[in-house]
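Let me begin by presenting the structure, written as structure tokens, before commenting on it.
The residues of the chain are indexed from 1 along the displayed sequence.
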Amino acid sequence: MKNSFYKTLLILALPITIQSLILASVNMADVFMIGKLGGMQVASLGLANQIVFLMTTFIMGVNSGAAIFIAQYHGKKDYTKVKYIVSISIILSVLMALFFWFISYITPEYIMRLYTKDSLVIETASKYLKVVAWSYVASAISFSFSILLRGLGESELPMLTSFLSLLVNIVLNYLLIFGNYGFPELGVEGAALATSIARGIECVVVVAVIYKRKYPIAIKLKDFFCFDIVVLKLFIVTAGAVILNDILWALGQTVYSAIYGRIGTESLAAINIENSFERLAVVGVIGFANAATVMIAHKIGQGKLDEAYSDGKKFYKVSFGLAVLLAIPLGLFSSNLVGMYNVDENVLKLGKYTLIAFCISFPFKALSMTKMVGVLRGGGDTKFAMGINLIALWMVGIPGAIFTAFYLGLPIYIVYLATLAEEFVRIIIGMKRFVSKKWINKLA
């Protein structure tokens with residue numbers, strides 16, 4: 001039984017981890033190449049990507065909630081209800097993409113002023129957003145189908161298409177940012193154009209393969225507008241908590257970015273350099289957390305509640321241990337890693353110390369992420385998970401960051417470390433919930 005658990009975990013988590021690694025590599029490639037232009041450009045890219053991050057998180061929130069239903073209905077082999085969930089999630093995702101297109105293309109300068117007072121950063125970030133906005137609908141469709149595939153236990157296709165997108169993005173970055181091989185030298189706008197083209201290609205490939213292989217989520221065009229009122233109500237009640245949680249969590253992360261931006265442009269550049277490594281480090285945990293959601297939802301859908309509880313304990317041990325193994329070398333080689341960027345000496349120093357602060361907090365972040373995103377969400381306990389998550393973020397983490405940044409005037413790496421308090425709140429309260437077994441809910 002134990003070997004079966006780890007075998008299933010690897011089958012599900014490894015492709016998800018690789019896909020997450022690829023997505024993080026896209027961001028790192030952007031930051032690394034833009035870093036050749038200077039610290040201001042790195043800061044601008046980081047701020048512009050806050051809007052992309054918000055949109056992506058909203059869409060992933062919708063589809064992560066949908067994937068819970070897909071997993072349980074798939075475990076029960078109720079494919080009629082799978083069809084209803086697909087239509088709900090795709091339509092909501094596209095509508096969100098259109099909303100973010102509007103604020104990115106029509107009013108980017110106004111949005112960027114919420115994050116920084118630096119006029120040059122605002123101007124550069126706005127140029128990036130006006131180009132990358134045209135990729136939003138394609139991104140929404142490909143992200144949606146990729147996450148829904150995970151609910152079916154199929155994670156290989158999203159991994160391969162993400163890898164294709166990475167290759168296209170890196171090649172076009174090289175050509176369009178610097179103007180190599182006769183291409184125009186577009187700088188930050190070149191990075192945005194490269195991303196847009198890569199996302200468009202990824203969308204076409206994902207949709208084409210899904211419909212060619214006739215996966216259960218490959219519904220007909222007319223079915224996108226078919227709803228079952230019972231399924232819709234259940235989706236709103238259960239997945240609505242996931243969506244609201246992810247939206248408010250993403251808004252909280254952008255508040256953090258605004259705090260960092262108000263500390264100064266150098267601090268903002270440093271945190272964006274640190275984030276490029278942080279995203280690479282957390283991919284393994286993301287893979288395990290997503291695998292936890294699917295595996296636990298499948299077990300509950302099959303009526304194996306004791307196995308779901310037992311698997312949850314195993315997930316906690318794996319994620320914490322993995323984070324420790326990753327944090328140690330990342331901290332030891334922090335100077336070498338940050339030193340790859342062509343920015344000012346002070347930015348490099350701030351980036352190094354912030355990266356070390358992340359290494360200290362990573363095992364606790366991993367445990368918290370697995371608990372909230374993986375286990376409790378897979379058990380359908382979305383409202384409780386949302387409550388803990390948002391209380392920790394908005395009542396502990398953000399006030400702590402504001403206090404250390406503006407009242408104590410501490411440097412960026414101490415401000416970042418202060419946000420670790422929110423993880424301890426999630427871990428302590430979440431563990432009590434897990435032991436109570438009240439998080440186990442049958443939705444199908």
Using side-chain contact (heavy atoms from CB on, under 4.5 Å) as the criterion, list what pairs up with [X], not counting sequence neighbours.
X: Ala418; result: Thr404
X: Ser334; result: Lys352, Leu355, Ile356
X: Ser257; result: Gln50, Tyr115
X: Ile170; result: Ala29, Met33, Leu166

### Query
Can Val205 and Glu202 be said to form a side chain to side chain contact (heavy atoms under 4.5 Å, CB included), step by step?
CA-CA 5 Å; Val205 174; Glu202 180 183 14; over 6 Å; no
Shortest non-hydrogen contact from [X] toward [Y]:
X: Glu423; Y: Ser368; value: OE1-OG, 2.9 Å
X: Val425; Y: Ile388; value: O-CG2, 4.4 Å
X: Ala323; Y: Pro363; value: CB-CA, 3.6 Å
X: Ser89; Y: Ser144; value: O-OG, 4.4 Å
X: Ser44; Y: Leu120; value: OG-O, 4.4 Å
X: Ala250; Y: Phe58; value: CB-CE1, 4.1 Å

### Query
Excluding sequence neighbours, so at least two apart, what forms salt bridge (charged side-chain N to carboxylate O under 4.0 Å, His left out) with Glu422?
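By the salt bridge (charged side-chain N to carboxylate O under 4.0 Å, His left out) rule, Glu422 matches Arg426.
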### Non-neighbouring partners of Lys127 that pass salt bridge (charged side-chain N to carboxylate O under 4.0 Å, His left out), sequence neighbours left out
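For Lys127, the residues satisfying salt bridge (charged side-chain N to carboxylate O under 4.0 Å, His left out) (neighbours in sequence not counted) are Glu123.
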Between [X] and [Y], is any pair of side-chain heavy atoms under 4.5 Å apart?
X: Leu148; Y: Val86; value: yes
X: Gln253; Y: Tyr256; value: yes
X: Ile398; Y: Leu393; value: yes

### Message
Aromatic contact between Trp249 and Phe53, with the criterion being ring centroids under 6.0 Å apart: yes or no?
### Response
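Ring centres of Phe53 and Trp249 closer than 6.0 Å.
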Any side-chain to backbone donor/acceptor pair from [X] onto [Y]? Under 3.5 Å, distance only.
X: Ser165; Y: Thr161; answer: no
X: Thr370; Y: Leu367; answer: no
X: Asn63; Y: Ile59; answer: yes

### Query
Listed by chain and number, what are the side-chain hydrogen bond (donor to acceptor under 3.5 Å, both in side chains) partners of Asn346, not counting sequence neighbours?
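side-chain hydrogen bond (donor to acceptor under 3.5 Å, both in side chains) list for Asn346, sorted by chain: Glu266.
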Spacing of [X] atom [atom1] and [Y] atom [atom2] [to the nearest 0.5 Å]:
X: Ser196; Y: Asn169; atom1: OG; atom2: CG; answer: 9.0 Å
X: Ile147; Y: Ile70; atom1: CD1; atom2: CD1; answer: 11.5 Å
X: Ile177; Y: Leu175; atom1: CD1; atom2: CG; answer: 10.0 Å
X: Leu408; Y: Ile414; atom1: CG; atom2: CD1; answer: 10.5 Å
X: Leu251; Y: Thr57; atom1: CG; atom2: OG1; answer: 9.5 Å
X: Leu193; Y: Asn173; atom1: CG; atom2: CG; answer: 10.0 Å

### Task
Could you list all the ring pair (Phe, Tyr, Trp, His ring centres under 6.0 Å) pairs where at least one residue sits in residues 345-369, not counting sequence neighbours?
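The answer is Tyr353-Tyr413, Phe358-Phe362, Phe364-Phe424.
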### Message
Show me the pairs that pass ring pair (Phe, Tyr, Trp, His ring centres under 6.0 Å) and involve residues 159-186, at least two apart or across chains.
### Response
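Applying ring pair (Phe, Tyr, Trp, His ring centres under 6.0 Å) to every pair that reaches into residues 159-186, excluding sequence neighbours, yields nothing.
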### Task
Carefully, step by step, assess Asn272 and Leu45 under the rule side chain to side chain contact (heavy atoms under 4.5 Å, CB included).
CA-CA 9 Å; Asn272 284 320; Leu45 180 65; over 6 Å; no
Between side-chain atoms of residues 95-112 and protein atoms elsewhere (two or more places apart, or another chain), which donor-acceptor pairs fall under 3.5 Å?
unit_1 : atom_1 : unit_2 : atom_2 : d
Ser104 : OG     : Phe100 : O      : 2.9
Ser104 : OG     : Tyr136 : OH     : 2.9
Thr107 : OG1    : Ile103 : O      : 3.2

### Message
Other residues, nucleotides and ligands only: do more than 12 of their heavy atoms fall within 6.0 Å of CE on Met395?
### Response
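At most 12 heavy atoms, drawn from other residues, nucleotides or ligands, come within 6.0 Å of this atom.
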### Query
For Phe315, what residues pass the ring pair (Phe, Tyr, Trp, His ring centres under 6.0 Å) criterion, not counting sequence neighbours?
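For Phe315 the ring pair (Phe, Tyr, Trp, His ring centres under 6.0 Å) partners, ignoring immediate neighbours, are Phe5.
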### Task
Mind running side chain to side chain contact (heavy atoms under 4.5 Å, CB included) on Tyr128 and Thr195 for me, showing each step along the way?
CA-CA 10 Å; Tyr128 179 92; Thr195 297; 4.0 Å; yes
### Query
Hey, does the Lys NZ or Arg CZ of Arg433 hover above the aromatic six-ring of Phe384, less than 6.0 Å from the centre and inside 45° of the axis?
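Relative to the ring axis of Phe384, which defines the angle, Arg433 lies inside both limits.
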Can you give each donor-acceptor pair under 3.5 Å made by side-chain atoms of residues 207-214, sequence neighbours left out, with the distance rounded to 0.1 Å?
unit_1 : atom_1 : unit_2 : atom_2 : d
Tyr211 : OH     : Ile219 : O      : 2.6
Arg213 : NH1    : Tyr215 : OH     : 3.2

